[in-house]
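Note that this is a predicted model, so its numbers are computed, not measured. All ligand and atom numbering here is 1-based and tracks the order in the structure.
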Amino acid sequence: MKNFELVPCANAGELARAAASAWLDEIEAANRAVKPYFAALSGGRIAPAFFASTVGQARARAVRFDRVQFFWADERCVPPGDAESNFRLARELLLAPLGIPESQIHRVRGEAPPEIAAAGAEAEIRRIVPLNDARQPALDLVLLGLGEDGHVASLFPGEPEEGMSSQAVYRAITNSPKPPPDRVTLGYAAIAAAQRAWVLVSGAGKEKALRDSLAGSGKMPFARVLKLRNRTTIFTDITRL
Ligand code: 6PG
C-alpha cells in the first residue's frame, strides 16, 4: 500500500499553482463545515511562488481566511524582520496581502534562544490546536519543502535516535547544516500527527533525495516522515523518479 501520492507538475510555477489551488480547496471545505483550520508553513525557494499563487487565487475565488490559524513547520532563530526569517517571508508574501490579523498568526519567536523559542512555540500551539490521543497537535496541514539532503522542516540527517524519537512538538536545533545554524522545528511526532502533510519538491537538485526517500531505503528525514504517516502528498516537477 503506497503511503504517498505524487502530484506531477510541469515546472515550479505549475507546482506552486497546483499546491495553492489544493490548499484553497481545503480552506473552503473548512469554511463550509464552519470549522477552524490549522496550518503550518515552511520556507525555502518554492515558498515565494506558492505564497504568491495562493494570494492571487484566493482573491480570484474570494476565499475567506478568517478560520485559518497560521503556525510554522520551522523557523530560523533570527529576528522577525530578518531576511532569513520564514515568518517575514510569509508575512510579506502571504499574510499581509491577505490581511490576516495578528490574532491568527502564531510565529515562532526566533529572536529568542532556540530552547526558549521552542518552548514558547510549543506552549502556544498546544493552547490553540486540539491534541490527538498521542497529545500531539492535530494540525490540518503541514506544508514542507525538501532539502537536497532529504531534510524537511529543520529535521536534518545524522541526528541521534534520541532526537528523532523526541515527542516534543517543537525542537531546538543548534547545528543546522543549512544556515543559519540555530532553528526551531516541528518534531517528527508533530509532523506525523498532522491530518495532511504536503511536500513541495521543485528542482533537479532534489531528485536523489526524493527518489531515495520514496524508496523507503534511505535514512533521510523525509524517508522517516513517510514511514511515520499513512499518507503524504508530494507536489513535484521532478519527472525521473
Ligand atoms: C527552511 C525551510 C526548509 C526548506 C527546505 C527546502 O527553513 O529552510 O523550512 O525546510 O523548506 O530546506 O528549501 P529550498 O527549496 O530552498 O532548498
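- Near K206, with a cut-off below 4.0 Å to any heavy atom, the atoms of ligand 1 are 14 (P), 15 (O), 17 (O).
- Each of the atoms 11 (O) of ligand 1 lies under 4.0 Å from some heavy atom of G145.
- L146 O, 3.6 Å is the protein heavy atom nearest to atom 6 (C) of ligand 1.
- Within 6.0 Å of CZ in R211 there are more than 12 heavy atoms belonging to other residues, nucleotides or ligands.
- Surrounding CG of N11 are more than 12 heavy atoms belonging to other residues, nucleotides or ligands, all under 6.0 Å away.
- Close N/O approach between G43 and ligand 1 is found [any backbone or side-chain N/O within under 3.5 Å].
- Taking the six-membered ring where tryptophan is involved, the planes of F70 and F65 are essentially parallel, since the angle between them stays under 30° and well short of 60°.
- Between S154 and ligand 1, no pair of N/O atoms sits closer than 3.5 Å.
- Looking at Q57, its side chain does come within 3.5 Å of a backbone N or O of R17 through a donor-acceptor pair.
- Contact annotation for A153 and ligand 1: only backbone heavy atoms (N, CA, C, O) come within less than 4.0 Å of the ligand.
- Using a distance-only test at 3.5 Å, with no hydrogens or angles considered, no donor-acceptor pair links the side chain of D140 to the main chain of A39.
- Taken together through direct or relayed side-chain contacts under 4.5 Å among Ile, Leu, Val, Met, Phe, Trp and Tyr, L141 and V152 form part of one hydrophobic cluster.
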Pair R224-E159, salt bridge (charged side-chain N to carboxylate O under 4.0 Å, His left out): steps then yes or no: CA-CA 12 Å; R224 185 180 181 99; E159 66 169 324; over 6 Å; no

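- Residue N86 touches ligand 1 through its side chain alone, judged by heavy-atom distances below 4.0 Å.
- For atom 17 (O) of ligand 1, the closest heavy atom belonging to the protein is R45 NH2, 2.8 Å.
- Close approach to R76 involves these atoms of ligand 1, each under 4.0 Å from a residue heavy atom: 1 (C), 7 (O), 8 (O).
- Put simply, the side chain of R229 gets close to the backbone of Q195: a donor and an acceptor are under 3.5 Å apart.
- Comparing L155, D74, V199 against atom 1 (C) of ligand 1, the shortest heavy-atom distance belongs to D74.
- Protein heavy atom at the shortest distance from atom 13 (O) of ligand 1 is K178 NZ, 3.2 Å.
- Only side-chain heavy atoms of H151 come within less than 4.0 Å of ligand 1; its backbone N, CA, C and O stay farther off.
- In the displayed structure, K35 atom NZ is contacted under 6.0 Å by at most 12 heavy atoms of other residues, nucleotides or ligands.
- The closest approach between a heavy atom of E75 and any atom of ligand 1 is not below 4.0 Å.
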